[in-house]
Amino acid sequence: MKAADLIAISDLDRDDIIEIFSATRDLKEKLRAGIPTPVLAGKTLGMIFHKPSTRTRVSFEVGIYQLGGCGLYLSAADLQLGRGETILDTARTLSRYLDGIMIRTYSHADVVELARHASIPVINGLTDLSHPCQVLGDVYTILEHAGIDPAEPRLGGMRIVFIGDGNNVANSWVEAAARLDFSLTLCPPSGYEPDGGIWETSRAAGARIAIERDPARAVAGADIIYTDVWASMGREGEREERLRVFAPYQVNAALLARAKPGVKVMHCLPAHRGEEATDEVLDGPSSIIFDQAENRLHVQKGIMALLMGHPS
Ligand code: CP
Ligand code: NVA
């Protein structure tokens with residue numbers, strides 16, 4: 001893989017994505033067959049968390065273990081970083097011990113800076129701006145469900161509709177649309193659009209992206225309806241306002257009825273059930289939310305194997 005870090009999907013070109021998906025398939029098949037894959041034996045991944053996590057933490061830790069390596073959970077509050085040590089000093093120090101760093105934090109610029117000063121690969125496990133591992137896992141899940149070869153991810157006929165907040169996950173979808181050929185419609189309330197810079201860069205790179213304000217019109221002809229929480233981590237103070245603004249954007253049975261038969265519903269989780277999506281939909285036959293959650297493990301194993309598998 002050409003990229004040395006995974007900070008954003010825009011760091012990757014189509015061939016990098018194909019390489020990740022091919023490694024993912026290989027590792028997933030071997031796991032299912034009980035064939036060990038100790039490609040990172042003796043290597044250690046440090047996992048820095050400034051925000052809570054269930055899926056990212058567990059899937060990275062289990063993933064590095066399954067690759068023969070070791071994962072180190074580093075709560076930001078317990079690191080000197082949490083009491084003012086610089087990112088530069090942290091990056092240079094950790095690079096002497098570790099073989100890779102996964103970081104979940106608020107500021108995307110901090111992750112960029114960490115990667116600039118670290119001599120080892122840095123993987124973005126979610127920032128306020130993006131969540132690349134999530135969307136790579138999600139695209140892999142879509143390919144599996146559509147029966148499309150992950151090594152030839154032709155998604156030209158696929159229409160993906162993201163309903164709700166133009167948040168970190170939405171931004172990574174917009175970036176993915178610039179690398180793969182699916183069409184993406186975002187359906188956010190006014191004032192909650194995805195990042196303007198990412199939107200313009202992706203459009204200039206050929207992404208087939210559009211905004212549609214009306215959820216019923218947006219889901220017409222959709223193959224995938226995707227949603228996420230209305231108040232992301234760090235935005236909890238806006239919860240009351242957001243509950244009001246986003247109420248018409250709930251993914252429920254009535255909205256699903258406006259989509260075509262066979263439409264799949266996706267959510268990165270954690271869900272606020274009864275807000276952005278109903279139980280009926282999340283637990284219904286269209287939902288593939290736990291396949292998404294599982295594929296975080298397999299895709300991140302592919303990413304780690306490719307980024308950390310060479311001497312650093
Ligand atoms: N989807 C996701 O990243 O979940 P966690 O916040 O549980 O890691
Ligand atoms: N947009 C959500 C995603 C959680 C995985 C958040 O940032 O809280």
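Order of appearance sets the numbers: ligands from 1, and atoms from 1 within every ligand.
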(Q) Does the plane of the ring in Phe162 sit parallel, tilted or perpendicular to the ring in Tyr226? Use 30° and 60° as the thresholds. (A) parallel
Q: Can you pull out the closest protein heavy atom to atom 4 (O) of ligand 1? Residue, atom name and distance to 0.1 Å, please.
A: Arg55 NE, 2.9 Å
Q.
If you compare all heavy atoms of Ala3 against all heavy atoms of Leu307, which two are closest, and at what distance to 0.1 Å?
A. O-CD2, 3.4 Å
Q | Proximal ligand 1 atoms for Cys268, defined as those under 4.0 Å from one of its heavy atoms | A | 1 (N)
Q. Relative to the heavy atoms of Leu126, which atoms of ligand 2 are at a distance of less than 4.0 Å?
A. 3 (C), 4 (C), 5 (C), 7 (O)
Q) CZ of Arg208: more than 12 outside heavy atoms within 6.0 angstrom? A) yes
Q: Any atoms of ligand 1 less than 4.0 Å from a non-hydrogen atom of Leu269? List them with their elements.
A: 1 (N), 2 (C), 4 (O)
Q: Could you check whether the rings of Phe246 and Trp230 sit parallel, tilted or perpendicular, using 30° and 60° as the cut-offs?
A: parallel
Q: Work out which heavy atom in Met304 is nearest to a heavy atom in Ile64; give both atom names and the distance.
A: CE-N, 3.5 Å
Q. Near Tyr73 OH, under 6.0 Å, is it more than 12 heavy atoms from other residues, nucleotides or ligands?
A. yes
Q) Considering only the protein, which heavy-atom contact is closest to atom 5 (C) of ligand 2, and what is its distance? A) Leu269 O, 3.6 Å
Q | Sub-4.0 Å atoms of ligand 2 with respect to non-hydrogen atoms of Asn167 | A | 1 (N)
Q. Does CD in Glu280 sit with more than 12 non-hydrogen atoms of other residues, nucleotides or ligands closer than 6.0 Å?
A. no
Q: Mind listing the closest non-hydrogen atom pair of Leu143 and Pro150 along with its distance?
A: CD1-CA, 3.9 Å
Q: Any atoms of ligand 1 less than 4.0 Å from a non-hydrogen atom of Gln134? List them with their elements.
A: 1 (N), 2 (C), 3 (O)
Q: Around atom 3 (C) of ligand 2, find the nearest protein heavy atom and jot down its residue, atom name and distance.
A: Asp228 OD2, 3.6 Å
Q: Within a distance under 4.0 Å of any heavy atom of Thr54, pick out the atoms of ligand 1 and give their elements.
A: 5 (P), 7 (O), 8 (O)
(Q) Could you check whether atom CZ of Arg203 has more than 12 heavy atoms from other residues, nucleotides or ligands sitting under 6.0 Å from it? (A) yes
Q) Tell me: protein heavy atom nearest atom 2 (C) of ligand 1, and distance? A) Arg296 NH1, 3.3 Å
Q.
Considering non-hydrogen atoms of the protein only, which is the closest contact for atom 8 (O) of ligand 2, and what is the distance?
A. Met233 N, 2.8 Å
Q: Give the numbers and elements of all ligand 2 atoms closer than 4.0 Å to a heavy atom of Asn168.
A: 1 (N), 2 (C), 6 (C), 7 (O)
Q: Report yes if Ser53 has an N/O atom closer than 3.5 Å to an N/O atom of ligand 1; otherwise report no.
A: yes
Q.
Using a 4.0 Å cut-off to any heavy atom of His131, which atoms of ligand 1 qualify?
A. 2 (C), 3 (O)
Q: Please determine if Pro52 has a nitrogen or oxygen closer than 3.5 Å to a nitrogen or oxygen of ligand 1.
A: no
Q.
Show the atoms of ligand 1 that are less than 4.0 angstrom away from any heavy atom in Arg104.
A. 2 (C), 3 (O), 5 (P), 6 (O), 8 (O)
